[in-house]
Amino acid sequence: MITLRNLTLARGGKLLLEGIDLTLHAGQKIGVVGPNGCGKSSLFALLLGNLHQEAGDLELPGRLTVAHVAQDIPASEQAAIEYVIDGDAPLRALEQELAHAHEQDEGERLAVLYEAFEHAGGYAARSRAASLMHGLGFAAGELEQAVDAFSGGWRMRLKLARALMCRSDLLLLDEPTNHLDLDAVIWLEQWLRDYPGTLLAISHDRDFLDGMVGHILAIEQCRLKLYTGNYSAFEEQRAMQLAQQQSAYQKQQREIAHLHSYVERFRAKATKARQAQSRLKALARMEVISPAHVDTPFDFRMREPLAGPDPLLTLEDAAAGYDARTVLAGIKLTIGAGARIGLLGRNGAGKSTLIKLLAGELAPLAGVRHEGKGLAIGYFAQHQIDVLRPDESPLRHLMRLDSRTREQELRDFLGGFDFRGDMALAPVAPFSGGEKARLALALLVWQRPNLLLLDEPTNHLDLEMRHALTLALQEYEGAIVLVSHDRHLLRTTADSLWLVANGGVRPFDGDLEDYRDWLRQREASAGAAEPAGTTRKQQKRDQAEARNLRYAQKRPLAQRLAKLERRMAELERERAPLGLWLADPESYADKEKLQPVLLREAALRLEVERAEEEWLALQAELELLDREGSSD
């Protein structure tokens, strides 16, 4: 059990937490959420003993093994798998004791140590480390490579594997999915679901949190609050609380106005002075309820493309690769106007290579790449923030793209991405990764592309910005090709999925849940014997034909379903302010405005109900096709 009592925490003179009383129980899996800079990472530093509270108490169990992802990996020629095994510090200590006992030829001591070694899982340690590395995307041939041979992103995976290797009671993970592909995220989610200890995970990936936590610890305005349920449940509870808070706030404001009015009217009258003073005291005692601050700092929309050729881009029997080394071959892909494609596949399968081929950054090694007349590509690469000019401001970056537009209009646009005031004029160099990613997206949006190529656009973005990006992409009229480990973004943005695997690209028959199942089946069948009674080639051909048939049947249904979901979201966004206006009793005094608002709200509600009915019918058709597919 971890207990915080009346705890206050500050960092660099900034107050982060104040008067916190909280108890975390063993075995709980908790997602830690809150705006950037609210103190999430500082809370982890406190639990690790790297930061100390200003006041109050922190109580940790006496024998608590804490695992976390290290900040840095020192330069080393050590084999990657040995670095991961180092995460099990007690096991490494046992190995050193065994080596010393061998040197001293201590037979009796060796017997005791070998028994302890077996009890600690020493004989299975290498297999356990290999399993962790495989789950995080390392190939079998990479296990013995030197740590120094890996790039920064892969070193992050090594550090994560090392933390998971530790037999910990408490596991602290700060944005563990940032450098993972979708396959590794799905694997990590399952591993953490089975983790027996207490887990605290900071994450901006809502589907990841939904899949493996049972509590949400929210940090807001220097307070901590523990919610029961996953992230979706937290959102529902928080929305209800904000609505209740807003109602209570409005009621209190009316009461305060009434008390002030009484005091002002009767303060000077001797007969009423005592009552006026009592009301002043009542005002002083009243705990002021804050208005519900639910407005996101981000308010932007994708600008309408200037042209809309159809098709936008076509690949015919194309091949792509580097230095004559073919990564993908036989690519047949047409991107029509308004297409929304999500790319699936393991890291290294060729998703980024395909995106670069589509963007024109790679010339095809074979075949044809044909652009539609008026094609305007907006390409967000994984390392897009590296092309920003560190000594220039966001405004200067935008003026480089468009020197003719008025400065105020450019600043208003940047404000939608939360670059306001002095921040719009500040050099980019000290910006955080999230701020740089936001700026890169803003520059992309300003150029009004009709084909967006997005390669992991949510890296470094917090939940609020991811939500804003999702809404903007849902309303975007151009075409999208998206690579992302954020399943919520994929699910709400892509109408069709394509699988990049085995050197090729093909439509994937199913949704993200089907993809998760496909990954599990592939793992389970690895190394399985050839099927009897028919050739493997024929069986694969039959399965492919069945999949293609179901895909052809499901695709128009899925596309209509996605359009309905976007339409329902638009309707609800329009209804929300009307509902708030109608909830205010004072609104009913304005008879001229009331009638059209009531009519519009009723019309919107009716359209939502009709859309929901159609959505349910389409969903039933898709489920029927899925059941038919599972029975094949």
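In this chain, numbering begins with 1 at the start of the sequence shown. These numbers come from the heavy atoms of this one structure, side chains and all, not from hydrogens, waters or symmetry mates.
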task = Report yes or no: does Lys351 contribute a side-chain atom to a donor-acceptor pair with the main-chain N or O of Gly345 at less than 3.5 Å?
result = yes
task = Looking only at non-hydrogen atoms, find the nearest pair between Pro457 and Leu461 and report the distance.
result = O-CD1, 3.3 Å
query = What class does the angle between the rings of Trp154 and Phe150 fall in, given that below 30° is parallel, 30 to 60° is tilted and above 60° is perpendicular?
reply = tilted
inquiry  = Between Lys159 (side chain only) and Val69 (backbone N and O only), is there a donor and an acceptor less than 3.5 Å apart?
reply    = no
Test side-chain contact (heavy atoms from CB on, under 4.5 Å) applied to Leu473 and Leu489, step by step = CA-CA 9 Å; Leu473 291 179; Leu489 181 65; 4.0 Å; yes
ask   = Rounded to the nearest 0.5 Å, how far does CZ of Phe234 lie from CG of Asp210?
value = 11.5 Å
query = Is there a donor-acceptor contact under 3.5 Å from the side chain of Thr470 to the main chain of Arg466?
reply = yes
task = Please tell me if the side chains of Glu361 and Tyr379 come closer than 4.5 Å, counting only heavy atoms from C-beta onward.
result = yes
task = Report yes if the side chains of Pro364 and Leu315 come closer than 4.5 Å at any heavy-atom pair, otherwise no.
result = no
request  = To the nearest 0.5 angstrom, please state how far the CE atom of Met212 sits from the CG atom of Leu192.
outcome  = 5.5 Å
request  = Output the distance between atom CG (Leu512) and atom CG (Asp517), rounded to the nearest 0.5 Å.
outcome  = 11.0 Å
request  = Quick one: closest heavy-atom pair of Leu182 and Ser484, and the distance?
outcome  = CB-O, 4.2 Å
ask   = Donor-acceptor pair, Asp148 side chain versus Ser76 backbone, under 3.5 Å?
value = yes
query = Given Glu175, which of Lys40, His460, His204 fulfils the side-chain hydrogen bond (donor to acceptor under 3.5 Å, both in side chains) condition?
reply = His204
remark   = Heavy-atom closest pair (Ala320 atom, Leu365 atom, distance to 0.1 Å) is C-CD1, 3.8 Å
ask   = Do other residues, nucleotides or ligands put more than 12 heavy atoms under 6.0 Å from Gln78 CD?
value = yes
message = Quick check for you: to the nearest 0.5 Å, what is the distance between Leu91 atom CG and Asp86 atom CG?
response = 9.5 Å
query = So, Asn230 side chain and Val213 main chain: donor-acceptor pair closer than 3.5 Å or not?
reply = no
query = Between atom CG of Leu471 and atom OG1 of Thr492, what is the distance when rounded to the nearest 0.5 Å?
reply = 8.5 Å
Residue that, paired with Glu189, satisfies salt bridge (charged side-chain N to carboxylate O under 4.0 Å, His left out) out of Lys29, Arg487, Arg516 = Arg487
query = Any donor-acceptor pair under 3.5 Å linking the side chain of Arg167 with the backbone of Asp88?
reply = no
request  = Kindly determine whether Trp187 and Leu519 satisfy side-chain contact (heavy atoms from CB on, under 4.5 Å), including the steps that lead there.
outcome  = CA-CA 9 Å; Trp187 174 88; Leu519 288 174; over 6 Å; no
ask   = Do the side chain of Gln28 and the main chain of His25 share a donor and acceptor less than 3.5 angstrom apart?
value = yes
task = Kindly give the heavy-atom pair with the smallest separation between Leu358 and Ile377, and that separation in Å.
result = O-CD1, 3.5 Å
ask   = Are a donor atom and an acceptor atom from the side chains of Tyr515 and Asp183 found within less than 3.5 Å of each other?
value = yes
query = Does a donor on one side chain and an acceptor on the other come within less than 3.5 Å for Asp194 and Gln190?
reply = yes
Nearest-0.5 Å distance that lies between atom CZ in Arg566 and atom CZ in Arg340 = 4.0 Å
message = For the CG atom on Asn502, are there more than 12 heavy atoms of other groups (residues, nucleotides or ligands in this structure) within a distance under 6.0 Å?
response = no
Polar side-chain atom of His485 near backbone of Leu180 as donor-acceptor pair, under 3.5 Å = yes
message = Show the nearest heavy-atom pair for residues Arg128 and Met165, with the distance to one decimal.
response = NH1-O, 3.0 Å
key: Arg162 NZ/CZ over Tyr83 ring centroid, <6.0 Å and within 45° of normal   = yes
inquiry  = Parallel, tilted or perpendicular, judged at 30° and 60°: which one describes the rings of Tyr195 and Trp191?
reply    = parallel
message = Using every non-hydrogen atom in the two residues, find where Ala569 and Gln474 come nearest and quote the distance to one decimal.
response = CB-OE1, 4.4 Å
